[in-house]
Structures are given as structure tokens and as C-alpha cells.
Amino acid sequence: MALAGAADSRYTLDLVPALRADETPKLLVWGDADTFQEVRHAERFAAEMPNTRLVRVPGAGHIPMENDPEGVAAALAGFFSGVSPSV
């Protein structure tokens with residue numbers, strides 16, 4: 001319950017102005033079958049924030065690293081090495 005309570009969107013929304021102003025590359029790795037936070041939220045973030053890449057993990061839910069740890073690891077490794085993800 002503590003984890004759920006910490007997910008208050010106010011904390012995330014407070015960061016939006018800084019994220020919009022920041023040109024640092026960003027990576028979102030999102031389960032395309034997430035029913036808690038649907039992928040449309042990630043699509044919007046990626047469209048509105050500069051230098052943001054969205055990697056959809058096919059068939060993954062809210063915690064994609066549980067459904068496809070290799071795919072998530074590949075996306076992260078590719079992001080940090082400058083290689084496009086294959087997920």
C-alpha cells in the first residue's frame with residue numbers, strides 16, 4: 001500500500017516544466033498491455049517531451065521487466081550505448 005500511495009501523480013506533474021525544458025535524452029520502456037497505466041500515457045509523454053524515445057514491450061503489463069527482462073535489458077543497453085532497441 002505504501003508503494004501505491006507513493007504513486008501520487010502530483011509529484012510527477014510537478015516535474016513536467018523541467019522535463020519539457022530539458023534536452024537530455026530520455027527513454028520510456030512501457031508494457032503495451034499495461035492496464036494500470038495504459039501505453040497512451042507514454043505516447044503522450046514521448047510526444048511532448050524533447051528527446052524522448054518510447055520502447056513498447058509487446059505483451060508486457062505494468063512491470064515490463066517481469067514479463068520480458070531480456071527485452072527491457074536490451075532496450076536499456078541500446079539506449080545507453082546509442083543503438084536502437086530491438087524490442
Side-chain angles (χ1 to χ4, degrees):
M1 293 309 293
L3 183 58
D8 189 325
S9 65
R10 290 177 295 174
Y11 305 118
T12 304
L13 293 174
D14 288 346
L15 297 173
V16 168
L19 288 168
R20 280 198 177 118
D22 185 18
E23 293 292 328
T24 303
K26 299 159 200 63
L27 175 69
L28 291 176
V29 179
W30 213 276
D32 70 359
D34 187 344
T35 57
F36 179 66
Q37 292 288 329
E38 296 174 2
V39 73
R40 66 185 169 89
H41 299 294
E43 292 167 343
R44 180 178 173 191
F45 183 95
E48 293 181 8
M49 302 302 159
N51 291 327
T52 299
R53 182 187 330 165
L54 170 60
V55 174
R56 293 170 187 82
V57 181
H62 187 63
I63 306 174
M65 58 287 241
E66 286 184 352
N67 302 113
D68 187 1
E70 293 85 10
V72 171
L76 291 169
F79 177 74
F80 289 115
S81 69
V83 177
S84 294
S86 61
V87 174

- Task: Report yes if some heavy atom in the side chain of F45 is under 4.5 Å from a heavy atom in the side chain of L19; otherwise report no.
- Result: yes
- Message: Less than 4.5 Å apart, side chain to side chain, heavy atoms only: is that true for R53 and K26?
- Response: no
- Message: Could you walk me through whether T24 and N51 satisfy the side-chain contact (heavy atoms from CB on, under 4.5 Å) test, starting with their C-alpha distance in whole Å, then the side-chain angles of each, then the deciding distance to 0.1 Å, before giving a yes or no?
- Response: CA-CA 7 Å; T24 303; N51 291 327; over 6 Å; no
- Check: H62 and T35 side chains under 4.5 Å, non-hydrogen atoms: no
- Item | Test side-chain contact (heavy atoms from CB on, under 4.5 Å) applied to V29 and R56, step by step | CA-CA 6 Å; V29 179; R56 293 170 187 82; over 6 Å; no
- Can you list the steps and then say if V39 with D34 is a side-chain contact (heavy atoms from CB on, under 4.5 Å)? CA-CA 7 Å; V39 73; D34 187 344; over 6 Å; no
- Message: Taking side-chain contact (heavy atoms from CB on, under 4.5 Å) as the criterion, tell me which of Q37, E43, R44 meets it with R40.
- Response: E43
- Item | Qualifying residue for side-chain contact (heavy atoms from CB on, under 4.5 Å) with T52, from L28, L27, D22 | L28
- Task: For side-chain contact (heavy atoms from CB on, under 4.5 Å), just list the numbers for D32 and V57, CA-CA rounded to whole Å, side-chain angles, deciding distance to a tenth of an Å, and then say yes or no.
- Result: CA-CA 6 Å; D32 70 359; V57 181; over 6 Å; no
- Task: Please list all pairs passing the ring-ring contact (aromatic ring centres under 6.0 Å, His included) test where one or both residues lie in residues 12-31, with sequence neighbours left out.
- Result: none
